[in-house]
Structures are given as C-alpha cells and as structure tokens.
There are 2 protein chains.
Amino acid sequence: MRLAKQTILRLFQYREFLILAKSIGIKNVYSDTLAEALGSSATQVRKDFSLFGITGNKRAGYQLDDLLSQLNELLGKNEKQKVIIAGAGNLAKALMQYEGFKKEGIEIVALFDNDPVKCDPQNDPPILPIEDLYNFVSEKQVELGVIAVPYYVAQQILDLMIVAGIKGVLNFAPIYLKAPKDFFINDMNLRLELETVAYLIKTRTKAGVHKESS
Amino acid sequence: MRLAKQTILRLFQYREFLILAKSIGIKNVYSDTLAEALGSSATQVRKDFSLFGITGNKRAGYQLDDLLSQLNELLGKNEKQKVIIAGAGNLAKALMQYEGFKKEGIEIVALFDNDPVKCDPQNDPPILPIEDLYNFVSEKQVELGVIAVPYYVAQQILDLMIVAGIKGVLNFAPIYLKAPKDFFINDMNLRLELETVAYLIKTRTKAGVHKESS
DNA sequence: GCTATTTTGTGAATATATTCACATTAAAAA
DNA sequence: TTTTTAATGTGAATATATTCACAAAATAGC
C-alpha cells in the first residue's frame, strides 16, 4: 500500500531536474547539486540512489546521461501512461495546462462528465458522458485515473473506475474513498493542505511550535 | 520547518468529519469511528489526540460537541484566515470552487495576475495586477498565499510575497522555491503526484514492489 | 452495588526515514 | 609516481511515525 511514496517522488524530482540540466548543457552532477536544487540533502540523494542500486563515480560524481538513463530504466520513461479524468471542470482544465503534463510520459486520453453541456466527443481529448467510462477504459486498457468530481459522487465514480479496470487514482475529492487494498489512491485535499499552512503560520508566529509530547 | 505536517492534516480531517457528523445529528463518536471514516487506525486517532492533550471519556468515547470544540481551540476555528492567490488561471478558479474552500476559515481576498485581460478589480474577489500585490498584502495584513503561476515566474512572485509580508504558501509551481527558513512552503506538484501513482501501479502489477535495500 | 464489558490513554516496541561518520575510490595535483 | 583532495556509498546512529499491549476508567447489565 504505502510503499515509499516519498522516495519515489524524489526520484521523479531528480529526473526532472536532470532533464532540465541536460537541456542547458550540463554534463555531470554531484549529489550536492541535486540536493541543492531540490532542497534536500546530499546524503539523502545518495541514500535514495543506493537503495535503488543507482551508482555514480567517486570523486567525479554522476555522469548526467548515465544517471538519467539509470533513472529512466527504474521509473519507466518509455511507455506513455494513459490517464482519464473524471470531472471536466476547472481542475481538469488546470491539469491539462499544467506544466509538462502532456509530455513526459503522461497522456490524458479522455475526460468524463455527467453534464451533457460539458461533453464534447470531438474535443481532443474527447469529453464523454460518464456512461461511456466503463467501455472506454476497458477497451483502451487505461489503468490510471484522476478524480476531479464533487465529493458526493466521488465514491461511485471510483467504484465505476475500479470495475472498468483502473488500478490507481489521484483523488482531489475531499473525502475518504474506499477501495480494495491493492488499489492505489493518492489523496490531494487542497483545502486541508492550505489550512495546514495557515495553521503552521499561526502557531509559528506566536513563537509557538505545537505542544510536544511530554 | 517540517513539523508534523501529517499529524496536523489529520487533525483537520477529524474536524471535518465531526462537522459533517454533527450535521446529521450524531452526538458522540469513538476513536474507531474516526479511524473508519478516514482510513486510519483507532490507535493513531487516540495517539494524535493524546499528543495534543485532547481527551475523551473512557467507555463512552468522545462527546462530539466537546471534541469539536477542543479541536477548534487547537486549530483556531474562529479567526478567518485571509489568503491571496497569485495567478488567475484555471487552477485558481478550481480552488475558488473547491468544496467548502470559502467557508471554514479560509477567505480568498484577492487574485493577482499579470495579464491585464484577466484583471478585474470589480470582481469579487478582485483580480488585480501583480504590481498591486505588495500594497494590498501589506495593507490588508495577509499572511497566506497560493502560488498558481507558471514555474518560471514562481520564484519572483514568491520573493514579492515574502517582502510584502506573506508568511507561508501553498505552491503549485513544479519547482523548488527558495525562502527563509521560517517561511513555510507546502509544495503540491500535481504531475509528480500523478506520476507516482502511475509508477506504483506499474511496479505493483508486475508482482513487483521496488527493490528493497539488501 | 457488583461484575462484565467496552473504550480511552499511553509507555514500550516496532517500523520507517533521515542523518552521521567514515572507509573507499577516482581524479587532480605535485 | 606518489600524495592530496573531493567525491561516493553505506553501516550505524538518530529521529520520527506508527502500532502494540495493556492498565485505568466509565458505563451497562445483572
């Protein structure tokens, strides 16, 4: 279930940085370079690599192309991952425009919405009625979904996705969704994330830091 | 800096659930109820409460109103937290519509954008040019921001926010932002989060789980 | 009012993640 | 060549988070 999500997230961040670095002609990097770029620590970087068997060169650091291909092999760069989005509202639009969402291995193949006005099968990607979700997903073998519908329909949309063959989702509905144990849900509760920042600001500014376990 | 973000996030989730539960007439809950509702464990719930000095009643669980007011006191329900959003694109629109974003302690007081076409001071909340950010924030004493601008302007917007008096942000720009240590940044890299799900699906389905440290 | 039951609260144990410390190695300098 | 230097790679130590196990308390039943 949980399974080192943070570590994997960092590996993706390393790769992202390397792609950028490569594009401006950098040929080799150090654990220190990566740490600096991502606000992490050099040890953390090396430990992450060590954990996945990624190696560099002592004294000379990491040869960029080599490191990048090691990461690519690990993270599976080649195959494009198809994804559907349930809910064709502003969030879906935002995701479609999000920096680099389309390139880099992710392809939004369809949106689904139960509002006929929003549907448009001619659009690219097509915006289809929810009724089509099952057939579309099972035919096209899509395994990845995004839930961007109101919370009160989120569970039923998820259930539909599961039977259609989706294996994991990024969920923006602010609600706890039930799913089989081998189904992966990554919850993004944007309001809670913002409230958390608000809380931390408040408590920190009053010299605070919350009560520690005594 | 980091500071138990997850724990605080859970506390907010508890509160959210309690508000909902109260609205349908529930009078008391057990750690088990909360765990079930959020996909957590009863021990985790009680440990969280214990850490913050929140207490219930043995055998009878938690009296809902009482628990809610304890959480409110801790999380600071009363004061509305003002927030500004930099970038008036789809993401900002999505946030404005996000379930319950407006009620529950968060008030979006202004959006800022450098595209004159998007600006509209008459809108509620007003959409203002970036140039007005400093004055607006410092006058209105806003401490919380959201960064929803393209990554290549994110750092300069953040710098502007910092001098204007913002104390923490929710950052959607997929880039590592530099800020003073006492400034709180909560990074939401939506693409990486989605890629992480994609990765976990791929590795899990091939009976996988990534290589363990040997 | 006594007993059985259920639930809290928490120290101890475990699991997970991060950092430290340093041996090892490759390159650069002498 | 030999020495110095700057980097990796990783076991051990630490820190953090979660789960276990169970004593203590309150309620319900008898």
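Proteins come first, then strands; the chains are lettered A, B, ... in the order of their sequence lines, and each starts at number 1. In this text, all values refer to a predicted model and were calculated from it rather than measured experimentally.
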Charged N-O contact under 4.0 Å between A:Glu16 and B:Arg191: yes
A:Lys202 with B:Glu143: basic N within carboxylate O range, under 4.0 Å: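 Answer for the salt bridge query: no.
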From C-beta outward on [X], which listed nucleotide comes closest to its side chain: [options]?
{"X": "B:Gln44", "options": "C:dA27, D:dT18, C:dT19", "answer": "D:dT18"}
{"X": "B:Lys58", "options": "C:dG9, C:dT18, C:dA12", "answer": "C:dG9"}
{"X": "B:Thr43", "options": "C:dT19, C:dG9, D:dT19", "answer": "D:dT19"}
{"X": "B:Asn57", "options": "D:dT10, C:dT19, D:dT27", "answer": "D:dT27"}

Rounded distance in Å - [atom1] ([X]) to [atom2] ([N]):
{"X": "A:Tyr14", "N": "D:dT8", "atom1": "OH", "atom2": "P", "answer": "12 Å"}
{"X": "B:Lys47", "N": "D:dA21", "atom1": "NZ", "atom2": "C1'", "answer": "12 Å"}
{"X": "A:Gln6", "N": "C:dA15", "atom1": "CD", "atom2": "P", "answer": "18 Å"}
{"X": "B:Asp32", "N": "D:dT19", "atom1": "CG", "atom2": "P", "answer": "14 Å"}
{"X": "B:Leu9", "N": "D:dT18", "atom1": "CG", "atom2": "C1'", "answer": "17 Å"}
{"X": "A:Leu51", "N": "D:dG11", "atom1": "CG", "atom2": "C1'", "answer": "13 Å"}
{"X": "B:Asp48", "N": "C:dG9", "atom1": "CG", "atom2": "P", "answer": "12 Å"}
{"X": "A:Phe49", "N": "D:dG9", "atom1": "CZ", "atom2": "P", "answer": "9 Å"}

Over-ring placement of A:Lys140 relative to A:Phe136, 6.0 Å and 45° cut-offs: yes
Sugar-phosphate, base or nothing in reach of B:Thr7, heavy atoms under 4.0 Å: nothing
base_contact_polar (C:dT7 base, B:Arg46 side chain, donor-acceptor, <3.5 Å):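 By the distance-only test, no, there is no pair.
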No-H, no-angle donor-acceptor pair, B:Arg59 side chain to D:dT27 base, under 3.5 Å: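 Between D:dT27 and B:Arg59, which were checked side chain against base, a qualifying N/O pair under 3.5 Å is present.
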Using a 3.5 Å distance criterion without hydrogens, assess whether the side chain of [X] forms a donor-acceptor pair with backbone atoms of [Y].
{"X": "A:Tyr176", "Y": "B:Glu36", "result": "no"}
{"X": "B:Lys93", "Y": "B:Ala88", "result": "no"}
{"X": "B:Thr196", "Y": "B:Leu192", "result": "yes"}

Ring pair (Phe, Tyr, Trp, His ring centres under 6.0 Å) partner of A:Tyr14, chosen from A:Tyr62, A:Phe52, A:Phe49: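 For A:Tyr14, the ring pair (Phe, Tyr, Trp, His ring centres under 6.0 Å) check succeeds only for A:Phe49.
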Residues from residues 60-70 of chain B lying under 4.0 Å of DNA chain C - heavy atoms: B:Gly61, B:Tyr62
